[in-house]
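Written out below as structure tokens is the structure these notes cover.
Order of the sequence lines fixes the chain letters, A, B, ..., with proteins taken first and strands second; residue numbering starts at 1 for each chain.
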Amino acid sequence: MDRYNFKKTESKWQRKWHEKELFKSELNLSKPKYYVLEMFPYPSGRIHMGHVRNYTMGDVVARFMKASGYNILHPMGWDAFGMPAENAAMENNVHPGDWTYENIKDMRNQLKPLGLSIDWTREIATCDPSYYGHQQSMFIDMLNKGLAYRKNATVNWDPVDKTVLANEQVENGLGWRSGAVVERKELTQWFFKISNYSKDLLNSLDNMPNWPEKVRLMQKNWIGKSTGLEIDFKLKNHPKGYDKLKVYTTRHDTLFGMSFAAISVDHPLTNILSKEDVNLAQFVDKSKKTATNEEAIEKAEKIGYKTNILVMNPFDEKKLFPLFVANFVLMDYGTGAIFGCPAHDQRDLDFAIKYNLDIIPVVCPSDTNVEDFKIENEAFIGPGKLINSDFINGLSIQDAKKVISQKLNGMGVGIEKTNYRLRDWGISRQRYWGCPIPVIHCNKCGIVAEKKENLPIELPKDVTFDLPGNPLNRHKEWLNTKCPNCGEDSKRETDTMDTFVDSSWYFTRFTSPKSQNPTEKEAVDYWMNVDQYIGGVEHAILHLLYSRFFCRAMFETGHVPKKVVEPFSSLFTQGMVCHETYKDDTGKWLTPNEVKEVKKVHKKRSLFSIETGKSIKVGPSVKMSKSKKNVIDPEDIIEQFGADTARWFMMSDSPPERDVEWTNSGVEAAWKHLQKVWRISYMIYKEGNNSEQDKFKITLTDNNFDNDLLRSVHNAIKNVTYCLNSFSFNKAIAYLYELTNSISNSKASSGAKKYAIKILASLMQPITPHLSQEIWSLYESSSFLYEEKWPDFIEEFLSNNEIIYPIQINGKKRSEITISKNMSNIELEKKVLELDSVKKFLKGLSPKKIIIVTGKIINVVI
RNA sequence: GCCUGCUUGGUGGAAUUUGGUAGACACAAGGGACUUAAAAUCCCUCGACUUAACAGUCGUUCCGGUUCGAGUCCGGAAGCGGGCACCA
């Protein structure tokens with residue numbers, strides 16, 4: 001018998017599928033559609049195991065839904081703009097475009113041997129002018145609708161390289177190349193008005209049952225709706241024309257616990273004051289030497305600068321509080337100013353202790369005496385009754401808020417406001433390798449959109465990366481242009497778009513990838529929405545939220561129908577692929593290929609370096625990454641074991657939403673199992689004569705071996721179908737193991753086994769398409785299993801007439817009983833009490849209670 | 001720091017729906033069959049402790065609660081991971 005030759009078989013079927021254009025999607029209004037999409041990859045040049053896992057999952061879904069009768073769209077593209085290409089350009093003196101397209105070619109070649117059912121005719125790359133030109137056109141539409149605008153924002157500024165840094169390029173507050181202390185710098189930048197949709201983006205989350213709860217929760221918190229009060233505080237010693245300070249608070253009930261106020265270092269008042277106050281200016285400079293990300297700001301020591309300005313309590317203008325400029329007050333949230341109530345806010349408390357400010361408790365927990373209630377190092381944020389608070393004493397927090405709000409409102413200094421944490425989306429990047437923002441700066445007309453007939457504004461090819469900063473700023477020919485409005489000399493915008501813009505609409509472009517417009521009505525109406533979107537949980541907030549916003553903008557500018565405002569009907573977030581880490585005696589990381597394991601002795605593993613022969617320390621299993629060298633190259637695995645083995649292993653064992661650990665033994669087990677499936681398939685094929693399969697009737701007979709096999713087969717169909725529908729690929733595989741073992745141990749007739757093995761091949765097809773097709777073709781030489789219908793299970797074959805009940809005594813399993821299905825509960829109780837194993841515990845007494853959960857369990861309470 | 005999730009044998013995990021037999025299915029390990037031998041394959045054992053055996057006690061990160069019954073529900077703690085707006 002032939003050993004299963006995966007190399008020959010896999011390439012044979014891939015070739016045939018390609019020749020038949022099996023995976024090409026056609027719009028067909030008479031058929032229900034199903035759009036499967038995995039998050040498209042960044043073309044780094046090498047696929048990794050995370051890709052294998054992601055794309056196999058999508059492929060399993062696509063093939064399963066195809067068999068279930070849907071018209072499938074399953075495309076692939078490249079998220080091709082971004083920083084790595086520019087870094088490569090700087091390091092290796094290659095053009096980012098050449099580098100990117102070379103990588104795309106390599107990755108496509110690595111992806112294809114996986115045998116994915118992808119329609120490659122729809123492939124797109126976001127760095128292609130035929131893609132980003134449409135993005136520019138939609139930007140202009142958004143500009144005209146007021147959804148794109150300019151305002152000042154802070155960036156990470158490297159004062160040595162004189163360039164803007166991404167957050168990931170800031171390491172411990174220092175620029176990654178120069179090592180200089182990074183500063184915050186203000187630039188005028190382009191923004192999308194996502195804040196227009198805060199409410200809608202939040203509320204719609206409640207109508208998305210097929211998104212993971214945790215993703216929706218994270219987005220809710222990110223959008224961060226709060227209801228509070230905007231209070232105008234009167235100031236004393238204020239600069240001219242600045243007699244009021246607007247503060248937003250959600251805790252106006254604690255107003256009488258106030259002991260200071262603070263404004264952001266970026267607050268307009270700070271700017272005014274620091275012109276007169278050298279020390280304040282220094283403080284501001286010092287505070288701005290932090291990266292722009294929230295984590296750095298939050299973790300930095302909370303410091304403040306006391307100004308001469310005093311803030312008045314609106315109810316008692318004799319009560320005056322110092323105004324600080326503080327580094328932890330964010331200009332982007334609320335009004336950029338707070339009032340501090342140290343007793344009931346941890347940050348305020350830390351600040352008050354540091355600057356020796358009053359700490360007045362104003363909310364007392366109801367189970368504590370006012371005299372005993374003390375605030376020490378921990379602020380009290382729980383519920384309680386108001387104390388030390390004049391006319392609101394004794395009220396609940398809720399009621400106190402109401403009273404304060406009404407009073408201040410009546411005085412004309414307070415207004416209730418709903419606030420969102422969500423900020424407008426800053427899309428400007430001072431970089432070359434991104435989609436150019438299609439506007440022109442004219443001295444006469446100001447900001448003017450490029451004419452649509454001039455799109456795409458292509459990136460100039462002849463650029464160099466030998467100087468810091470954006471090469472577009474140095475490219476005179478590209479930079480200088482005529483104003484589309486008045487024809488005068490003017491300059492192009494040199495900012496390019498955030499790559500999240502590229503990935504915010506690619507899924508709509510797949511529906512008509514070659515259209516002369518961003519989308520094509522008929523195609524986008526038919527194919528959208530994405531029925532199943534699959535990708536990493538690290539995209540839970542930004543990518544997914546931006547896409548939801550962008551689709552709303554596309555709807556308002558007429559590019560998609562209304563339903564597309566929520567483009568992803570179901571979302572699945574998959575876990576990462578992990579591997580052990582290895583370090584040698586010098587602390588250097590080693591790749592799994594550089595390590596050899598000698599046979600275990602008494603469960604102790606010993607590993608040594610192939611190169612030096614010295615022993616190796618095994619570290620924890622973490623996400624595969626180049627830096628820790630714990631990577632397995634999918635190409636090697638496919639070469640050694642074939643795509644089906646890689647696919648099978650990736651889907652087995654770990655549930656898809658969790659991390660999976662790559663182990664050699666796991667892959668080998670997968671490989672052995674697929675060999676076994678082939679072996680028994682081939683043996684069964686050779687058994688008896690092949691017209692015997694026609695003689696086998698799918699019905700219960702007096703052949704009990706056949707009946708048992710039939711039961712196994714139909715249970716497997718039921719379970720595998722259920723598992724594939726619910727993304728439980730690991731469980732589906734467990735059931736496939738079970739069915740394989742049943743067939744292999746069965747003494748059924750050869751006709752029954754032939755029937756069983758064909759079902760097995762069908763059920764395995766989504767996961768191991770090549771092997772399954774090869775088995776299928778033993779019997780059905782001319783048909784593609786991909787196009788065959790999914791098998792249905794037949795209820796009457798699922799079980800026999802007996803049922804086994806476990807019996808508990810006081811909730812502990814002590815015995816079991818086998819009875820016929822239709823026995824009454826009264827009869828059952830009697831039988832149970834007659835059992836020796838039950839009598840033993842009863843000791844002649846009668847039980848207090850017998851609980852029978854039909855079909856599940858019996859509990860005897862003594 | 002803030003938001004969010006996860007934790008079950010030596011290992012990955014299973015226990016669907018509304019709380020109902022903890023350890024399915026695999027891996028590793030140990031033993032055996034076949035073989036001159038090896039590879040491959042097949043069979044058996046496999047949470048811990050007690051016991052000659054029957055059987056029993058404990059056991060789902062930890063502490064506490066609800067229940068006839070808790071891996072599952074509630075309250076608290078610890079450990080590990082993801083995100084934090086310019087990585088993609």
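Distance noted for atom C1' between B:rU16 and B:rC25: 16 Å (whole Å). With C1' as the reference atom, B:rA15 and B:rU66 are 22 Å apart, rounded to whole Å. Taking the C1' atom of each, B:rC62 and B:rA78 are spaced 7 Å apart, rounded to whole Å. Rounded to whole Å, the separation between the C1' atoms of B:rG9 and B:rA29 comes to 13 Å. Look at the C1' atom in both B:rG31 and B:rA70: the space between them is 38 Å, to the nearest Å. Here the separation of B:rU41 from B:rC73, taken at their P atoms, is 42 Å to the nearest Å. To the nearest whole angstrom, the two P atoms, one in B:rU4 and one in B:rG75, are 14 Å apart. Taking atom P on both nucleotides, B:rG10 is separated from B:rA48 by 7 Å, rounded to a whole Å.
In this structure, A:Y722 reaches the bases: a heavy-atom distance under 4.0 Å links it to at least one base atom across the strands shown. Among the atoms of the strands shown, none is found under 4.0 Å from any heavy atom of A:P41. Contact annotation for A:S428: base contact, defined as any heavy-atom pair under 4.0 Å involving a base atom. If you check every strand for non-hydrogen atoms under 4.0 Å, A:V164 touches a base. Within 4.0 Å (heavy atoms only), A:K299 reaches at least one base atom of the nucleic acid. Residue contacts for A:R421: at a heavy-atom cut-off of 4.0 Å it reaches a base atom on one of the strands shown. The residue A:G224 sits apart from the nucleic acid: no heavy atom pair falls under 4.0 Å. Across all strands shown, A:Q189 has heavy atoms under 4.0 Å from base atoms, whether or not it also approaches the sugar-phosphate.
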Exercise for review: Report, as a single string ordered 5' to 3', how protein heavy atoms within less than 4.0 Å touch nucleotides 63-83 of chain B: B base, S sugar-phosphate only, - not at all.
Suggested key: -----BS------------BS
Study note, to complete from the structure: Counting primed atoms, P, OP1 and OP2 as sugar-phosphate and everything else as base, the B/S/- map of nucleotides 43-50 of chain B against protein heavy atoms under 4.0 Å is --------
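Aromatic ring centroids of A:F649 and A:F641 lie 6.0 Å or more apart. The six-membered or imidazole ring of A:F729 lies near that of A:F727, with a centre-to-centre distance under 6.0 Å. A distance of 6.0 Å or more separates the ring centres of A:W505 and A:Y546.
A side-chain donor-acceptor contact under 3.5 Å links A:Q135 and A:D502.
With sequence neighbours excluded, no residue forms a salt bridge (Lys or Arg N to Asp or Glu O under 4.0 Å) with A:R658. Every residue two or more places apart in sequence or in another chain was checked for a salt bridge (Lys or Arg N to Asp or Glu O under 4.0 Å) with A:D659, and none qualifies. Partners of A:Y506 under the ring-ring contact (aromatic ring centres under 6.0 Å, His included) rule, at least two apart in sequence or in another chain, are A:F40, A:F510. Under the salt bridge (Lys or Arg N to Asp or Glu O under 4.0 Å) criterion, A:E829 pairs with no residue, sequence neighbours left out. Scanning for ring-ring contact (aromatic ring centres under 6.0 Å, His included) contacts around A:W78 gives an empty result, with sequence neighbours left out. For the salt bridge (Lys or Arg N to Asp or Glu O under 4.0 Å) test, residues two or more places apart in sequence or in another chain that qualify with A:D266 are A:R184, A:K288. Contacts of A:Y333 classified as ring-ring contact (aromatic ring centres under 6.0 Å, His included), with partners at least two apart in sequence or in another chain: none.
Applying the 90° cutoff around 0 to the glycosidic angle, B:rG83 is assigned anti.
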Less than 3.5 Å apart, which donor and acceptor atoms pair up between the side chains of residues 294-303 of chain A and the rest of the protein, not counting sequence neighbours?
| residue | atom | partner | partner atom | Å |
| --- | --- | --- | --- | --- |
| A:E295 | OE2 | A:K299 | NZ | 3.3 |
| A:E298 | OE2 | A:R347 | NH1 | 3.1 |
| A:E301 | OE2 | A:K354 | NZ | 2.3 |
| A:K302 | NZ | A:E298 | O | 3.1 |

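Residue pairs meeting the salt bridge (Lys or Arg N to Asp or Glu O under 4.0 Å) criterion with at least one member in residues 37-51 of chain A, sequence neighbours excluded: A:R46-A:D633, A:R46-A:E635.
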Revision key, fill the gap. Read 5' to 3' with Watson-Crick or G-U pairs under 3.5 Å, [ ] for crossing pairs and | for partners on another strand, RNA chain B gives (((((((..(((.......[....))).(((((.......))))).((((....))))..(((((..]....))))))))))))....
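A:W648 places its CH2 atom 12 Å from the P atom of B:rC27, with the value rounded to the nearest Å. Protein atom NZ of A:K813 is 11 Å distant from nucleotide atom P of B:rG56, rounded to whole Å.
When the nucleotides B:rU16, B:rA88, B:rC27 are ranked by their closest atom to the side chain of A:F500, B:rA88 comes out on top. The listed nucleotides are B:rC25, B:rG1, B:rC86; the one nearest the side chain of A:E298 is B:rG1. Checking B:rA88, B:rC27, B:rU4 against every side-chain atom of A:A669, the shortest atom distance belongs to B:rC27. Candidate nucleotides B:rG1, B:rU57, B:rG13 were compared by shortest atom distance to the side chain of A:E294, and B:rG1 ranks first.
For A:T496 (side chain) and A:R431 (main-chain N/O), a donor-acceptor pair under 3.5 Å exists by modelled atom type.
Between the side chain of A:Q430 and the base of B:rC86, at least one donor-acceptor pair of N or O atoms lies under 3.5 Å.
Along RNA chain B, the nucleotide nearest A:F40 and the nucleotide nearest A:K672 are compared for position; the residue whose nucleotide lies closer to the 5' end is A:K672. Ranked by how close their nearest RNA chain B nucleotide is to the 5' end, A:E816 and A:G666 are led by A:E816.
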